[in-house]
Amino acid sequence: MKKYAMILLTTVITGSLMLSGCGKNAEQHNSSSDSHAASTGEMHHSDSGELPEGLQEKKNPTYPVGSQAVMSTDHMAGMKGAEATIVGAYETTAYAVSYTPTTGGDTVKNHKWVIQEEIQDHTDQPYAAGTEVVLNADHMPGMKGAKATIDSAEQTTVYIVDYTPTTGGDPVKNHKWVTEEELSIQ
């Protein structure tokens, strides 16, 4: 019986670590933080590769599909310095946003990135800092349908990437989004 209890406990702990592997740490509940890794909860990593309607592929991207790049961002634990395989490249406006999750809790500040096509009833024109919008993005629990404020906007190429965290663990498939400025060639 002790053996089964230990297996169950190990399974629960492993599952919890996997869910928290997206940068969730003690600092995340500090609502004054402007660091993505410090202000976000668990992110969803769907391997479906589903894209928002209207998203345009980038022609001749700096990092073509199938190529390798090194990430310089720390959106999540184990991301910085990880080798990424490019899964998709798209031309759009990327936003850092602050929002209060629909599930309750502290305001998430400076979440990077939500793209133009993930904003409810988005227009073709980029939104200015300070604009209030409703999110269609579902990167984290409580994000979809949340009211958000645009912190900053950047016209860029965004990438979907696959990578294995430098901290170990299972490979991450179809991570959305990494901007061109957050990638480099080895």
Side-chain angles (χ1 to χ4, degrees), residues 15-56 71 73-80 84 87-88 90 92-163 165 169-170 172-179 181-182:
S16 296
L17 290 173
M18 286 174 54
L19 288 174
S20 66
C22 296
K24 189 172 184 177
N25 59 38
E27 293 179 71
Q28 290 171 320
H29 298 290
N30 178 354
S31 62
S32 66
S33 173
D34 65 356
S35 165
H36 178 78
S39 66
T40 60
E42 75 185 55
M43 294 180 76
H44 297 281
H45 290 293
S46 168
D47 59 7
S48 71
E50 187 176 331
L51 298 173
E53 190 174 317
L55 186 59
Q56 299 296 313
M71 294 185 289
T73 187
D74 61 354
H75 297 180
M76 302 177 349
M79 196 175 221
K80 191 170 189 170
V87 176
Y90 306 92
T92 189
T93 302
Y95 298 97
V97 298
S98 294
Y99 69 96
T100 301
T102 59
T103 53
D106 293 335
T107 298
V108 175
K109 294 190 177 192
N110 203 40
H111 172 87
K112 295 180 181 173
W113 299 101
V114 172
I115 62 170
Q116 184 84 11
E117 294 77 7
E118 293 177 316
I119 295 174
Q120 185 175 319
D121 300 325
H122 65 87
T123 66
D124 290 336
Q125 297 300 311
Y127 295 98
T131 303
E132 292 187 3
V133 296
V134 176
L135 303 176
N136 273 342
D138 195 20
H139 305 171
M140 298 170 32
M143 180 178 257
K144 190 167 187 163
K147 292 179 183 175
T149 301
I150 303 292
D151 294 324
S152 64
E154 184 176 325
Q155 181 68 34
T156 187
T157 302
V158 295
Y159 294 86
I160 298 176
V161 297
D162 291 347
Y163 70 97
D170 292 332
V172 175
K173 299 286 185 191
N174 295 317
H175 175 79
K176 297 174 188 152
W177 305 100
V178 178
T179 63
E181 294 76 19
E182 296 171 328

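For reference, positions follow the sequence shown, starting with 1. Only this structure's heavy atoms are used, side chains among them; waters, hydrogens and symmetry mates stay out.
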*Asks:* Could you pull out all residues at least two apart from Glu118 that satisfy side chain to side chain donor-acceptor pair (under 3.5 Å)?
*Replies:* His139, Trp177
*Asks:* Which atom pair, heavy atoms only, marks the closest approach of Met76 to His175?
*Replies:*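 That would be SD-CE1, 3.8 Å.
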*Asks:* Would you mind reporting whether Pro52 and Asn136 have side-chain heavy atoms less than 4.5 Å apart?
*Replies:* no
*Asks:* Which residues satisfy the side chain to side chain donor-acceptor pair (under 3.5 Å) test with Thr103, sequence neighbours excluded?
*Replies:*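 Per chain and number, Thr103 pairs via side chain to side chain donor-acceptor pair (under 3.5 Å) with no residue.
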*Asks:* For a quick test of reading the model, state the closest non-hydrogen atom pair linking Tyr90 to Leu51 and the distance between them.
*Replies:* OH-CD1, 3.3 Å
*Asks:* Any chance CD of Gln125 has more than 12 other-residue heavy atoms, nucleotides or ligands included, within less than 6.0 Å?
*Replies:*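 No - once you tally the heavy atoms of other residues, nucleotides and ligands closer than 6.0 Å, there are 12 at most.
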*Asks:* What pairs with Asp151 under side chain to side chain donor-acceptor pair (under 3.5 Å), at least two apart in sequence or on another chain?
*Replies:*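 So Asp151 forms a side chain to side chain donor-acceptor pair (under 3.5 Å) with Ser98.
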*Asks:* Which heavy atom of Met71 sits nearest to which heavy atom of Ala84, and what is that distance?
*Replies:* CG-CB, 4.0 Å
*Asks:* Excluding sequence neighbours, so at least two apart, what forms side-chain contact (heavy atoms from CB on, under 4.5 Å) with Glu132?
*Replies:*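 Once residues adjacent in sequence are excluded, the partners of Glu132 under the side-chain contact (heavy atoms from CB on, under 4.5 Å) criterion are Thr149.
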*Asks:* For a quick test of reading the model, state the closest non-hydrogen atom pair linking Pro141 to Pro101 and the distance between them.
*Replies:*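 Taking every non-hydrogen atom into account, O-CB, 4.2 Å.
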*Asks:* Once rounded to the nearest 0.5 Å, what's the spacing between atom NZ of Lys176 and atom NE2 of His75?
*Replies:*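 Going from NZ on Lys176 over to NE2 on His75, the span is 15.0 Å.
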*Asks:* Kindly write out the residues that satisfy side-chain contact (heavy atoms from CB on, under 4.5 Å) with Thr100, not counting sequence neighbours, or none if the list is empty.
*Replies:*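 With sequence neighbours excluded, Thr100 shows a side-chain contact (heavy atoms from CB on, under 4.5 Å) to Thr107, given in chain and number order.
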*Asks:* Kindly write out the residues that satisfy side chain to side chain donor-acceptor pair (under 3.5 Å) with Gln56, not counting sequence neighbours, or none if the list is empty.
*Replies:*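 Scan of Gln56 (side chain to side chain donor-acceptor pair (under 3.5 Å), adjacent residues dropped) gives none.
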*Asks:* Counting C-beta onward and ignoring hydrogens, is there a side-chain heavy-atom pair between Met79 and Val172 closer than 4.5 Å?
*Replies:*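 Counting from C-beta outward, Met79 and Val172 never come under 4.5 Å.
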*Asks:* If you compare all heavy atoms of Asp124 against all heavy atoms of Gln116, which two are closest, and at what distance to 0.1 Å?
*Replies:* C-NE2, 4.2 Å
*Asks:* Could you work out, with side-chain contact (heavy atoms from CB on, under 4.5 Å) as the rule, every residue matching Val133, not counting sequence neighbours?
*Replies:* Ile119, Tyr127, Thr131, Leu135, Ala148, Ile150
*Asks:* Would you compute the distance between atom CG of Asp74 and atom CD of Glu182 and round it to the nearest 0.5 angstrom?
*Replies:*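 These two atoms lie 9.0 Å from each other.
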*Asks:* Report yes if some heavy atom in the side chain of Val114 is under 4.5 Å from a heavy atom in the side chain of Met143; otherwise report no.
*Replies:*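 Side chain of Val114 against side chain of Met143, heavy atoms only: contact under 4.5 Å found.
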*Asks:* Say you draw a straight line from CD of Glu50 to CG of Leu55; how long is it, rounded to the nearest 0.5 Å?
*Replies:* 12.0 Å
*Asks:* Can you tell if the side chain of Asp162 reaches within under 4.5 Å of the side chain of Asn174, non-hydrogen atoms only?
*Replies:* yes
*Asks:* To check you understand the geometry: which heavy-atom pair defines the closest contact between Ala153 and Tyr95, and what is its length?
*Replies:* CB-CE2, 3.5 Å
